[in-house]
Amino acid sequence: MSSNEIPTREVARRVFAQEFNDAGYTFKESDDERAPVYLLLPTGERANRVFLVGTLTEKEDVGEDNEYWRGRIVDPTGTFFVYAGQYQPEAASALRDLEAPAYVAVVGKPRTYETDDGNINVSVRPESITEVDAATRDRWVTETAERTLDRIGRIDDEGNEYARMAREHYDLDADEYKDAAIAALESLEQADELSA
């Protein structure tokens, strides 16, 4: 990289918890040790960063020597787990200070780890955690549903290398994510009807 090239951040992908938790395959696109690590989403998109909004339902300091916060964040399709410690001071501080339940917006990096029984679990290492309102959460659900449905619409496109990779690595039915996106939208409509 020349000295006048400014590194750019990867776009944070909007993804529902159900799809995020089904992902587990990671890859790099170059041999450079500093190359970004991508999580392959089952709907055929790569994600080096994710953007999620949901309800922080619980938080806990799970660190032994230093603070290491775990947060549980729920969206209409499932649960995200976020972990923040000394290397994510702003996010750790936000988790420490927030009172559950609260709507939060999180931008972070997907992380995978293999359990003792060979399963792959995914979590988010947050770069930022911000308390938001219900309208922001509702907008995120709507936009994430649209992005999910767009990805599903391109999953059979032979020119989509990430969709091809997803078909190779995951034995999953894209209709599950379509159904989840539609159910997430319907949950907003039901909430609107209840509050009317």
Side-chain angles (χ1 to χ4, degrees), residues 9-26 36-42 47-145 147-148 177 180-181 183-188 190-192 194-195:
R9 289 185 123 168
E10 295 275 341
V11 171
R13 304 290 179 194
R14 294 168 186 264
V15 61
F16 284 122
Q18 179 180 345
E19 181 179 3
F20 183 78
N21 289 319
D22 284 347
Y25 178 74
T26 58
V37 175
Y38 295 100
L39 179 70
L40 181 64
L41 300 177
N48 171 258
R49 298 167 75 231
V50 293
F51 171 51
L52 60 106
V53 179
T55 306
L56 175 69
T57 59
E58 60 185 66
K59 63 178 190 170
E60 180 181 5
D61 182 358
V62 294
E64 293 176 8
D65 298 330
N66 296 313
E67 277 189 319
Y68 190 66
W69 288 90
R70 176 180 62 208
R72 184 175 189 269
I73 299 170
V74 177
D75 79 4
T77 72
T79 302
F80 292 95
F81 286 96
V82 298
Y83 291 89
Q86 63 183 358
Y87 300 112
Q88 303 83 34
E90 290 96 17
S93 176
L95 274 177
R96 180 187 326 107
D97 296 343
L98 281 164
E99 290 296 324
Y103 292 129
V104 293
V106 177
V107 174
K109 299 223 177 235
R111 288 289 173 249
T112 58
Y113 61 94
E114 189 169 347
T115 62
D116 292 339
D117 57 6
N119 289 327
I120 302 290
N121 286 348
V122 290
S123 63
V124 178
R125 188 184 75 208
E127 297 167 0
S128 68
I129 300 175
T130 309
E131 188 167 4
V132 297
D133 59 15
T136 301
R137 192 280 317 257
D138 293 353
R139 249 188 333 274
W140 177 84
V141 169
T142 301
E143 291 170 6
T144 302
R147 302 277 170 88
T148 301
Y177 306 115
L185 291 172
E186 289 171 348
S187 75
L188 295 181
Q190 290 167 351
D192 286 345
L194 291 174
S195 64

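The side-chain heavy atoms of V124 and V50, taken from C-beta on, include a pair separated by under 4.5 Å. The shortest distance between side-chain heavy atoms of V15 and L41 falls below 4.5 Å. In this structure, Q86 and E67 have side chains that are not in contact, with every pair of non-hydrogen atoms separated by 4.5 Å or more. Counting heavy atoms from C-beta outward, I129 and L98 have side chains that approach closer than 4.5 Å. Side-chain contact check for T142 versus L188: some heavy-atom pair is nearer than 4.5 Å. With a 4.5 Å cut-off on side-chain heavy atoms, V107 and P126 do not count as touching. Between F20 and L39, some side-chain heavy-atom pair lies under the 4.5 Å cut-off. A 4.5 Å side-chain heavy-atom check between F80 and V106 finds every atom pair outside the cut-off.
Between the side chain of E143 and the main chain of W140, no donor-acceptor pair closer than 3.5 Å is present. A donor-acceptor contact shorter than 3.5 Å is absent between the side chain of T136 and the backbone of V132. For K59 (side chain) and R96 (main-chain N/O), a donor-acceptor pair under 3.5 Å exists by modelled atom type. A donor-acceptor pair under 3.5 Å links the side-chain atoms of T77 to the main chain of Q18, judged by distance alone. In terms of modelled atom types and a separation under 3.5 Å, the side chain of D61 and the main chain of Y68 share a donor-acceptor contact. S93 contributes no side-chain N or O that, together with a main-chain N or O of E90, makes up a donor-acceptor pair within less than 3.5 Å.
No hydrogens or angles considered: a donor-acceptor pair under 3.5 Å links the side chains of Y38 and E10. Side-chain atoms of S123 and R111 include no donor-acceptor pair closer than 3.5 Å.
If you look at Y177 and F16, their ring centroids are not closer than 6.0 Å.
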Could you go step by step and tell me if R49 and R13 meet the side-chain contact (heavy atoms from CB on, under 4.5 Å) rule?
CA-CA 6 Å; R49 298 167 75 231; R13 304 290 179 194; over 6 Å; no

Evaluation steps, side-chain contact (heavy atoms from CB on, under 4.5 Å), between R70 and F81
CA-CA 7 Å; R70 176 180 62 208; F81 286 96; 4.0 Å; yes

Please evaluate residues V141 and D75 with respect to the criterion side-chain contact (heavy atoms from CB on, under 4.5 Å), reporting the C-alpha separation (whole Å), side-chain torsions for both, the decisive distance (0.1 Å), and the verdict.
CA-CA 8 Å; V141 169; D75 79 4; 5.8 Å; no

For side-chain contact (heavy atoms from CB on, under 4.5 Å), just list the numbers for V82 and L95, CA-CA rounded to whole Å, side-chain angles, deciding distance to a tenth of an Å, and then say yes or no.
CA-CA 9 Å; V82 298; L95 274 177; 4.1 Å; yes

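Screening T115, T112, N21, D22 against I120 for a side-chain contact (heavy atoms from CB on, under 4.5 Å) leaves a single residue, T112.
Around atom CG of D117, more than 12 heavy atoms belonging to other residues, nucleotides or ligands sit under 6.0 Å away. Atom OH of Y113 sits in a crowded spot, with more than 12 heavy atoms from other residues, nucleotides or ligands closer than 6.0 Å.
Counting all heavy atoms, side chain and backbone alike, L56 lies closest to G71 at CD1-CA, 4.0 Å.
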